[in-house]
Amino acid sequence: VEIKSGAGGMVATSLVAKAPADGYTLLMLTGGHTASAAMRKTLPYHPVNDFSFISTVTNFPFVIAVREDHPAKTLAELVQLARSGTNKISFTSVGVGSTQHLVGELLAVTAQAHMLHVPYRGGGAPVQSVIGGDVDVLSDTLTVALPHIQSGRLRALAVTSPAPWPSLPEVPPVAQTLPGFDVRSWLGLAAPAGLPPAIGERLNAEIATLLKRPEVMKALAAAGSATAYSTPEQMRTMIETDIARWSKVVEQRGLQIDG
């Protein structure tokens, strides 16, 4: 495993897009792949055509949370505050163009409410800013938020999956307040475009076997995720659908950035 961090994942993605399509260089894509495609006017690769998709591996929701003493006790109350115009509701994320950012923007669009984005450069700063009262709303993964929810420093208002999530079974879905809302991010394997079909089929079959192992399912569940096998065609369709959805949000909110 080689970690190629930087530019919201674009460094690693660009490297793999240009690698030989022999099955020895693979990329663990995240939901941020589709967010970048929607946010940026130009990319050093085509987000769909430059890759051979193999299978998704996991999917997971985001949690909408506020500090323990925030006046909004439910998502409906938060939406009402944001719509009232008398309260400037802010939300934070790990950076402009991150999936967490676009989840917050989609929440605002769906609720027909104004919410101010306050980005940070990753790390624990977003959580601490919400706990400290500098920002109202956290939009983040369960991996990040769950320990603070369990400690009582954050109050979970909703999860972005269409039904309650096993890690937080008592927390309602956003869709209960805003019908149709469904956002789950994901991890998935891809290779450079032109991967020989036999290699792609072998890799897909191995992932399908791996994701059925109880220890793998248990480890992913502990991280707030669920196993999510797919065919290459299903993964490609999901990515195209995600890009279209985020592009609409980016257009509605005027968020697109250069490069």
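Keep in mind that the numbers below use all heavy atoms, side chains included, and drop hydrogens, waters and symmetry copies.
Going from atom CE of M28 over to atom CD1 of I3 covers 12.0 Å, rounded to the nearest 0.5 Å. To the nearest 0.5 Å, atom CG of residue L29 and atom CD1 of residue I239 are 5.5 Å apart. Once rounded to the nearest 0.5 Å, the distance linking CG of L220 with OG1 of T227 reads 7.0 Å. Between the CD1 atom of I54 and the CG atom of L26 there is a distance of 5.0 Å, given to the nearest 0.5 Å. Rounded to the nearest 0.5 angstrom, I131 CD1 and D69 CG are separated by 11.0 Å. Taking CD1 from I149 and CG from L154, the interatomic distance works out to 6.0 Å, rounded to the nearest 0.5 Å.
In this structure a side-chain-to-backbone donor-acceptor pair under 3.5 Å is missing from T56 to M235. In this structure, the side chain of S90 engages the main chain of D136 through a donor-acceptor pair within 3.5 Å. In terms of modelled atom types and a separation under 3.5 Å, the side chain of S161 and the main chain of P61 share no donor-acceptor contact. Counting only distance, with no hydrogens or angles, the side chain of T160 and the backbone of F62 share a donor-acceptor pair below 3.5 Å. The main-chain N or O of S230 is found under 3.5 Å from a side-chain atom of S55 such that the two form a donor-acceptor pair. Although no hydrogens or angles enter the test, the distance criterion places no donor-acceptor pair under 3.5 Å between the side chain of W246 and the main chain of T34. A donor-acceptor pair under 3.5 Å is formed between the side chain of S93 and the backbone N or O of G95. Judged by distance alone, the side chain of R83 and the main-chain N or O of A113 form no donor-acceptor pair under 3.5 Å. For R155 (side chain) and A72 (main-chain N/O), a donor-acceptor pair under 3.5 Å exists by modelled atom type. Using modelled atom types, no side-chain atom of S247 and backbone atom of A38 make a donor-acceptor pair closer than 3.5 Å.
Counting only heavy atoms from C-beta outward, the side chains of M238 and N59 never approach each other to under 4.5 Å. At least one side-chain heavy atom of H33 sits under 4.5 Å from a side-chain heavy atom of P47. Side-chain contact between Y45 and V16 is absent, with no heavy-atom pair separated by less than 4.5 Å. Side-chain contact between H148 and E68 is absent, with no heavy atoms from C-beta onward closer than 4.5 Å. Looking at F60 and L142, their side chains never come closer than 4.5 Å, going by heavy atoms from C-beta outward. Annotation: side chain of H117 is not in contact with side chain of R253 (no heavy-atom distance under 4.5 Å). For the pair I243 and V48, the minimum side-chain heavy-atom distance is below 4.5 Å. Side chains of L157 and H70 form no contact here, defined as non-hydrogen atoms less than 4.5 Å apart.
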*asked:* Pair N49, R236 - check side chain to side chain contact (heavy atoms under 4.5 Å, CB included), show working.
replied: CA-CA 9 Å; N49 297 339; R236 182 187 182 100; 3.2 Å; yes
*In sequence, state the C-alpha distance, the side-chain angles, and the governing distance for F53 and Q234, and then conclude on side chain to side chain contact (heavy atoms under 4.5 Å, CB included).*
CA-CA 9 Å; F53 300 111; Q234 288 170 332; over 6 Å; no
*Decide yes or no on side chain to side chain contact (heavy atoms under 4.5 Å, CB included) for L106 and F181, but give the supporting numbers first.*
CA-CA 9 Å; L106 179 61; F181 197 99; 3.7 Å; yes
*asked:* Please evaluate residues L210 and R213 with respect to the criterion side chain to side chain contact (heavy atoms under 4.5 Å, CB included), reporting the C-alpha separation (whole Å), side-chain torsions for both, the decisive distance (0.1 Å), and the verdict.
replied: CA-CA 6 Å; L210 179 70; R213 292 182 180 176; 3.8 Å; yes
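If you chain together hydrophobic residues whose side chains sit under 4.5 Å apart, L75 and L138 never meet in one group. V130 and V171 fall within a single hydrophobic cluster, where Ile, Leu, Val, Met, Phe, Trp and Tyr are joined by side-chain heavy atoms under 4.5 Å apart, directly or via other members. A continuous path of Ile, Leu, Val, Met, Phe, Trp and Tyr side chains, each step under 4.5 Å between heavy atoms, connects V159 with V127, placing both in one hydrophobic cluster. L15 and F51 sit in two unconnected hydrophobic clusters of ILVMFWY residues. Membership requires side-chain heavy atoms under 4.5 Å apart, directly or through other members. V174 and L102 end up in the same hydrophobic cluster when Ile, Leu, Val, Met, Phe, Trp and Tyr side chains are linked at under 4.5 Å.
Sorted by first and then second residue, the side chain to side chain donor-acceptor pair (under 3.5 Å) pairs with a member in residues 106-116 form an empty list; sequence neighbours excluded.
For the residue pair S167 and G224, the shortest heavy atom distance occurs at OG-CA, 3.8 Å. In this structure, M39 and V250 approach most closely via the heavy-atom pair SD-CG2, 3.6 Å. Here the closest heavy-atom approach between residue P71 and residue L81 is recorded as CG-CD1, 4.4 Å. Heavy-atom minimum distance, S98 versus A35: C-CB, 4.4 Å. Across all non-hydrogen atoms, the minimal contact from G31 to S185 is CA-OG, 3.4 Å. Considering every non-hydrogen atom in both W165 and S225, the closest pair reads CZ2-C, 4.1 Å.
Within 6.0 Å of CD on E170 lie more than 12 heavy atoms contributed by other residues, nucleotides or ligands. Within a 6.0 Å sphere centred on NZ of K18, heavy atoms belonging to other residues, nucleotides or ligands number more than 12. Counting heavy atoms of neighbouring residues, nucleotides and ligands inside a 6.0 Å radius, atom NZ of K73 exceeds 12 of them. Surrounding CD of Q252 are more than 12 heavy atoms belonging to other residues, nucleotides or ligands, all under 6.0 Å away.
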Output a table of donor-acceptor pairs, distance under 3.5 Å, between side-chain atoms of residues 186-203 and any protein atom two or more places apart or on a different chain; print 'none' if there are none.
from	atom 1	to	atom 2	distance (Å)
W186	NE1	D242	OD2	3.0
R202	NE	E206	OE2	2.9
R202	NH2	E206	OE2	3.3

